[in-house]
Amino acid sequence: MQPERPRPVSIFREFLDSEASGGIVLMVAAALALIVANSPLAEGYFAALHAYAGPLSVSHWINDGLMAVFFLLVGLEIKREVLDGQLSTWPRRMLPGIAAAGGMIVPALVYVALNRNNAEALAGWAIPTATDIAFALGVLSLLGNRVPAALKVFLTALAIIDDLGAVIIIAVFYTSGLSLAYLGAAFAVITLLIALNRMGVLSLVPYILLGVVLWVLVLKSGVHATLAGVALALTVPLRVSPGIAHDLDHSPLHRLEHALHGVVPFIIIPIFGFANAGVSLTGLTPAALLEPLTLGVAAGLVVGKLVGVLGASALAIRLKLADMPANAGWSHLVGISLLCGVGFTMSLFIGLLAFGDNQALQDAVKVGILAGSFVAAVLGAGVLLASPRPGREEEL
């Protein structure tokens, strides 16, 4: 009798590990961007981002092209978790789903309250609603076994639902100047992709080729090009050929997800962070941090996320709609709620969509995101370090 082969590490564990390590790389990229943007290299840094390579600038290739691959991975993760993962049943969805809803609504309200008298600034209401899963898990990874494993799963599930909310916000609120011809052609390609899925086509090649065509059409349609990545992800099959019974690790979705897990967190996201975190701090004063737009972003990320995520979670647990994550106490939830205020990648992305070519507003947004994310990360890590070790429960 042959010994049982060791079971491979689950894709969810690989996901946690890769995102956590990628978060640390992202921190380094963001810090490097700030250093370069405030050094003698600043002029060359900004000039390179605005230089054209073919039809698009380098900045647009990064934000519209490379980030479409990021959104492809986001879409794959959402689909997998909903169909065959941590969000596959309603009991598993309840706590992270309710927490994510609170963590999006309250930060938006905080931002709007601070910018209610500035019609132009109100376009950025969605900036503090996002959670950067890579950055937040990177902070958690530095804390090691001080954090219950169930909390890492909770944060990951919450951030995935948060990403889904961000995708919907981008599609609904940051789309303008639609071209019906290109949009119609894009829907035709999506229909073809769905047909390939229904016909049982399991090779990734036709999906990828049609995905490139879809990206071009969406880019020209007026809908943000990155949403092509999400649309493609939702059509990639999560099943295997009849000869590989029930082993979903070999499905096209899992194979593509595995392939992207090295590329996205360690190449694409750091490049995006380096290209977009650079902001000149020359002339920055404490008063500038209290400007409504900057303060709205920072307060939305720190205060809004804390109140929204913790408040919604506490309500769900008290009403017995969901259970507290295993081996966790209320102080752990406070720490995780603060870490949700690390909104770096998606917040920067939404800020770019909200304020287009208005460099002054973009710089104010970046300062707010950097300040808010830093404070949220430090406070969250501090609370978690001070919390009881896993296994010791707390009373509220």
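Predicted model only: the values in this text are computed from it and were never measured. Note that the numbering runs from 1 along the sequence shown for the chain.
Taking each heavy atom of Pro252 and Pro237 in turn, the nearest pair found is CD-O, 3.5 Å.
Centroid-to-centroid, the aromatic rings of Tyr45 and His50 stay 6.0 Å apart or farther. For Phe374 and Phe344, the distance between ring centers is not under 6.0 angstrom.
His332 contributes a side-chain N or O that, together with a main-chain N or O of Pro388, makes up a donor-acceptor pair within less than 3.5 Å. At distances below 3.5 Å, not a single donor-acceptor pair connects side-chain atoms of Tyr111 with backbone N or O atoms of Leu301. Proximity of a side-chain donor or acceptor of Asn115 to a complementary backbone N or O of Asn118 within less than 3.5 Å is not detected. Using a distance-only test at 3.5 Å, with no hydrogens or angles considered, a donor-acceptor pair links the side chain of Asp162 to the main chain of Thr131. Looking only at distances, a side-chain donor or acceptor of Asn38 sits under 3.5 Å from a matching main-chain atom of Val279. Side chain of Ser313 to backbone of Ala99: no donor-acceptor contact under 3.5 angstrom is found. Not a single donor-acceptor pair under 3.5 Å links the side chain of Arg318 to the backbone N or O of Leu315. Put simply, the side chain of Lys79 gets close to the backbone of Val236: a donor and an acceptor are under 3.5 Å apart. The closest donor-acceptor contact from the side chain of Tyr174 to the backbone of Ala123 lies under 3.5 Å. Looking only at distances, a side-chain donor or acceptor of Lys305 sits under 3.5 Å from a matching main-chain atom of Gly103.
Taking CZ of Phe173 as the reference point, atom CG of Leu353 lies at 13.5 Å (rounded to 0.5 Å). Distance check: Leu72 CG to Phe70 CZ gives 11.0 Å after rounding to the nearest 0.5 Å. Leu256 CG to Leu76 CG: the interatomic distance, rounded to the nearest 0.5 Å, is 5.0 Å.
Between Leu306 and Val302, the closest side-chain pair of non-hydrogen atoms is not below 4.5 Å. In this structure, Phe349 and Phe272 have side chains that are in contact, with non-hydrogen atoms separated by less than 4.5 Å. Under the 4.5 Å side-chain criterion, counting only non-hydrogen atoms from C-beta, Pro55 is in contact with Trp61. Contact annotation: the side chain of Phe154 approaches that of Ile336 to within less than 4.5 Å [non-hydrogen atoms, C-beta and beyond]. You'll find the side chain of Val110 stays beyond 4.5 Å of the side chain of Pro128, heavy atoms only. The shortest distance between side-chain heavy atoms of Leu333 and Ile317 falls below 4.5 Å. Between Leu289 and Leu295 there is no side-chain heavy-atom pair separated by less than 4.5 Å.
Both Ile168 and Leu158 sit in one connected hydrophobic cluster of ILVMFWY residues. Membership requires side-chain heavy atoms under 4.5 Å apart, directly or through other members.
The aromatic rings of His261 and His258 sit perpendicular, their planes meeting at an angle over 60°, well past the 30° parallel limit.
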